[in-house]
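Everything on this sheet refers to the single structure shown next.
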Amino acid sequence: MTRPDAENQDLFSIADLASEFGISTRAIRFYESKGLLSPERVGATRIFRKRDRARLILILRGKRLGFTLRDISDYLSLYDADRAQQVNLLAGKVDERLALLERQRNDLETTINELRDIKQLAEQRLTKKAG
DNA sequence: TTTCTCACA
DNA sequence: TGTGAGTA
């Protein structure tokens, strides 16, 4: 099934969304099993609406930015309930994420500098022997 | 094609 | 955080 209802552009099958976003249908079911998506059902078959598609876009963006599914789930669960709380949560998570990335960048710079020092020492010894 | 579940990385 | 395989 690629078109649950050809008349209705608002409906998507799991295969539609998987191919549109380049992910597996398994991944989409996995997100559902974690509570991040809750498509309607016709029998056992999932029917996704624009709203579900919008949530999937947010899930994929969150993942790309390095957030866990748990983080994303917490954020999405506030989507309808409390916008102010949602913005606060997001701000906090973004701060955490930025802090982590900055620590990692510092660690990387330290490691890079250390490796450069080692390389420089090694090259100095080589030129001494050669010369 | 889609579903679910279990094992596995 | 997913994937593969078997199944109905």
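Worth saying up front: this structure is predicted, and the values here are computed from it rather than measured. The chains referred to below are lettered A, B, ... by the order of the sequence lines, with proteins before strands, and numbering in each begins at 1.
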- A/R26 atom CZ is separated from C/dA5 atom P, nearest whole Å, by 10 Å
- Query: Side-chain N or O of A/R29 less than 4.0 angstrom from OP1 or OP2 on C/dG4?
  - Reply: no
- Item | A/S24 vs C/dT3: side-chain N/O to OP1/OP2 distance below 4.0 Å | yes
- Return yes if a side-chain donor-acceptor contact under 3.5 Å exists between A/D16 and A/S13, otherwise no. yes
- Query: With respect to A/Q104, which candidate in A/N106, A/L100, A/L108 satisfies the side-chain contact (heavy atoms from CB on, under 4.5 Å) definition?
  - Reply: A/L100
- Query: Taking 4.0 angstrom as the limit, do A/E40 and A/R49 come out as a salt bridge?
  - Reply: yes
- Task: Could you check how far CZ of A/R64 sits from P of C/dG2, rounded to whole Å?
- Result: 14 Å
- Item | Between C1' of C/dT3 and CD1 of A/I23, the distance in whole Å | 14 Å
- Please check the phosphate of B/dC4 (OP1 and OP2 only) for any side-chain N or O of A/R46 closer than 4.0 Å. yes
- Passing candidate, side-chain contact (heavy atoms from CB on, under 4.5 Å) with A/D71, options A/K63, A/K93, A/R97: A/K93
- With both distances kept under 3.5 Å, what pairs with C/dA8, Watson-Crick or G-U wobble? B/dT2
- A/A27 side-chain proximity, nearest of C/dG2, B/dT3, C/dT1: C/dG2
- In whole angstrom, give the distance that lies between atom CG of A/L36 and atom C1' of C/dT1. 12 Å
- Scan A/R70 against the nucleic acid and name what it touches under 4.0 Å (heavy atoms): base, sugar-phosphate only, or nothing. nothing
- Task: Scan A/T25 against the nucleic acid and name what it touches under 4.0 Å (heavy atoms): base, sugar-phosphate only, or nothing.
- Result: nothing
- Query: In whole angstrom, what separates A/R41's CZ from B/dT3's P?
  - Reply: 6 Å
- Message: Looking at A/K34, I'd like to know whether one of its side-chain N or O atoms comes within less than 4.0 Å of OP1 or OP2 on C/dG2.
- Response: no
- Whole Å only: how far is the CD1 atom of A/I28 from the P atom of B/dT2? 10 Å
- Salt-bridge present (A/R103, A/D107; N to O < 4.0 Å): no
- Are OP1 or OP2 of C/dT1 and a side-chain N or O of A/Y31 less than 4.0 angstrom apart? no
- What's the CZ-C1' distance between A/F21 and C/dG2, to the nearest Å? 19 Å
- Once you round it to whole Å, what is the distance between P of B/dT2 and CD of A/E32? 14 Å
